[in-house]
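Below is one structure, written out as structure tokens, with a few remarks after it.
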2 protein chains.
Amino acid sequence: MDDKDRQIIRALQRDGRISNQDLAAQVSLSPSPCLRRVRNLEKAGVIRGYAARVDARACGLAITAFVRIRLERHDETTVQTFEREVGRMQEVTECHVMTGQTDYQLRVVVASLDAYEAFIRARLQRIGGIGSIDTSFAYGIVKDSPVFPAE
Amino acid sequence: MDDKDRQIIRALQRDGRISNQDLAAQVSLSPSPCLRRVRNLEKAGVIRGYAARVDARACGLAITAFVRIRLERHDETTVQTFEREVGRMQEVTECHVMTGQTDYQLRVVVASLDAYEAFIRARLQRIGGIGSIDTSFAYGIVKDSPVFPAE
DNA sequence: AGTATTTTGGCATACTATGCCAACGTGAGG
DNA sequence: CCTCACGTTGGCATAGTATGCCAAAATACT
């Protein structure tokens with residue numbers, strides 16, 4: 001992982017569909033070694049994939065919520081059940097294990113407040129073992145960048 | 001925005017570098033109309049771009065923190081200064097305007113706890129006008145999906 | 001300095017995107 | 001029921017792009 005790799009990563013975070021030729025030009029390599037580096041980063045798991053960045057509102061998904069959750073117990077069964085079920089729920093786009101007051105922070109994307117309430121009551125609570133839920137809604141985006149900080 | 005567009009969006013969220021031919025096959029179209037739909041979604045701003053999904057740890061960025069911030073005042077100057085400065089900071093990859101107790105939630109990515117402390121003290125606090133900061137660190141990822149829920 | 005190993009760049013081939021045009025389907029108005 | 005207008009589709013020719021292979025260059029190790 002040298003400086004060229006880092007340049008490549010940042011360029012691909014900015015534009016995941018840049019052509020290999022343009023990418024090679026940006027990092028001052030010829031196309032062959034550039035492509036080989038990209039493939040190596042993919043195989044090594046540094047690049048986990050590529051994704052379109054989509055406007056949730058334009059897709060009719062008006063509500064983005066960050067949900068902090070504490071479990072009632074932390075035995076293996078409760079934890080595994082929670083993580084498995086959350087992994088299956090399409091509405092949950094992210095789930096982080098957290099330090100501090102809460103065990104998990106979820107990012108939940110749904111169409112409406114009604115859909116949010118239905119999700120919490122009919123799907124999330126039904127998992128069982130959840131001690132507390134604390135929701136904050138995002139109603140504006142100041143910044144959303146796929147690019148990591150440089151050194 | 002019909003059903004085919006929704007299929008296209010989901011396919012591109014799963015794999016942003018899928019070839020147009022494969023995408024067309026997935027959504028049961030021929031390449032030409034498929035590509036035209038993709039370009040229209042891009043022009044309409046539904047697809048905001050494409051990005052490589054990169055493993056932060058593998059890049060030496062061990063710390064991901066969610067930072068909840070309240071401003072001291074909410075006058076135009078304080079708000080604009082905060083949002084402008086946060087937009088410029090590479091360590092802040094996301095900044096959402098929130099409902100409830102806190103004004104903003106930031107996602108901060110840095111190399112180490114030391115770097116985090118330095119960021120908070122030397123850069124974030126220096127913006128001025130910040131009333132309170134509450135940090136939670138993410139130390140594990142259960143789920144991280146770029147795909148929105150389907151109907 | 002010399003050798004082993006890795007990385008690079010050029011090239012030929014196969015694949016992919018893209019603009020153009022004709023054909024198809026759909027819906028509204030007569 | 002017809003027909004016209006509009007939007008969408010699919011095929012095709014062209015231009016652009018990726019990718020595997022090989023020799024050359026650079027780098028690291030003794």
Side-chain angles (χ1 to χ4, degrees), chain A residues 1-61 111 144-151, chain B residues 1-61 111 144-151:
Chain A
M1 170 79 77
D2 60 9
D3 198 58
K4 286 253 187 285
D5 283 334
R6 277 183 284 271
Q7 283 182 265
I8 287 173
I9 287 168
R10 286 173 62 79
L12 286 173
Q13 285 181 318
R14 278 191 296 269
D15 177 4
R17 288 203 77 148
I18 189 175
S19 79
N20 182 57
Q21 304 199 354
D22 291 351
L23 178 60
Q26 269 191 37
V27 304
S28 305
L29 275 177
S30 67
S32 297
C34 182
L35 184 63
R36 218 163 326 124
R37 280 168 178 271
V38 172
R39 294 290 175 259
N40 285 341
L41 289 166
E42 290 168 359
K43 270 180 204 126
V46 179
I47 294 176
R48 298 210 312 264
Y50 301 86
R53 300 172 53 223
V54 178
D55 187 291
R57 288 228 173 93
C59 292
L61 297 162
D144 182 9
S145 163
V147 185
F148 288 155
E151 306 312 292
Chain B
M1 169 81 77
D2 59 9
D3 198 59
K4 286 253 187 286
D5 283 334
R6 277 183 284 270
Q7 282 182 264
I8 287 172
I9 288 169
R10 287 173 63 80
L12 286 173
Q13 285 182 318
R14 278 191 295 269
D15 178 5
R17 288 202 77 147
I18 188 174
S19 80
N20 183 57
Q21 304 197 354
D22 292 351
L23 178 60
Q26 268 191 38
V27 304
S28 305
L29 274 177
S30 68
S32 296
C34 183
L35 184 63
R36 219 163 324 123
R37 281 168 177 269
V38 172
R39 293 291 176 259
N40 285 341
L41 289 166
E42 289 168 359
K43 271 180 207 128
V46 180
I47 295 175
R48 298 209 313 264
Y50 302 87
R53 300 173 53 222
V54 178
D55 186 291
R57 289 227 171 94
C59 292
L61 298 163
D144 182 9
S145 164
V147 185
F148 288 156
E151 307 312 291

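No hydrogens, no waters, no symmetry mates; every other heavy atom, side chains included, goes into these values. Letters A, B, ... mirror the listed sequences (proteins, then strands); counts begin at 1.
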Closest contact, heavy atoms only, Gly45(B) versus Asp55(A) = O-CB, 3.6 Å
query = If you find the nucleotide of DNA chain C closest to Arg17(A) and the one closest to Pro31(A), which residue's nucleotide is nearer the 5' end?
reply = Pro31(A)
Atom-pair distance (CD on Gln21(A); C1' on dA15(D)), nearest Å = 12 Å
query = Distance-only, no hydrogens or angles: does the Arg53(B) side chain make a donor-acceptor pair with backbone N or O of Asp144(B) under 3.5 Å?
reply = yes
task = Figure out the CD1/P separation between Ile18(A) and dT17(D), and round it to whole Å.
result = 11 Å
message = Rounded to whole Å, how long is the line connecting atom CG of Leu29(A) with atom C1' of dG9(C)?
response = 10 Å
query = Mind checking whether Arg37(B) and Val27(B) have side chains closer than 4.5 Å, heavy atoms only?
reply = no
query = Below 4.5 Å, heavy atoms only, C-beta onward: do Phe148(B) and Gln13(B) meet side chain to side chain?
reply = yes
message = Could you tell me how far apart Leu35(A) (CG) and dT17(D) (P) are, to the nearest whole angstrom?
response = 14 Å
Nearest-nucleotide 5' precedence on DNA chain D, Ser19(A) against Ser32(B) = Ser32(B)
key: Nearest-angstrom distance from the residue atom CG of Asp2(B) to C1' of dT26(C)   = 14 Å
Spacing between Ile8(A) atom CD1 and dT7(C) atom P, to the nearest angstrom = 12 Å
key: Whole angstrom value for the distance that separates P of dT18(C) from CZ of Arg36(B)   = 12 Å
ask   = Nearest to the side chain of Asn20(A) - dA18(D), dT8(D), dG10(C)?
value = dA18(D)
remark   = Whole-Å distance, Arg39(B) CZ to dT8(D) C1', equals 18 Å
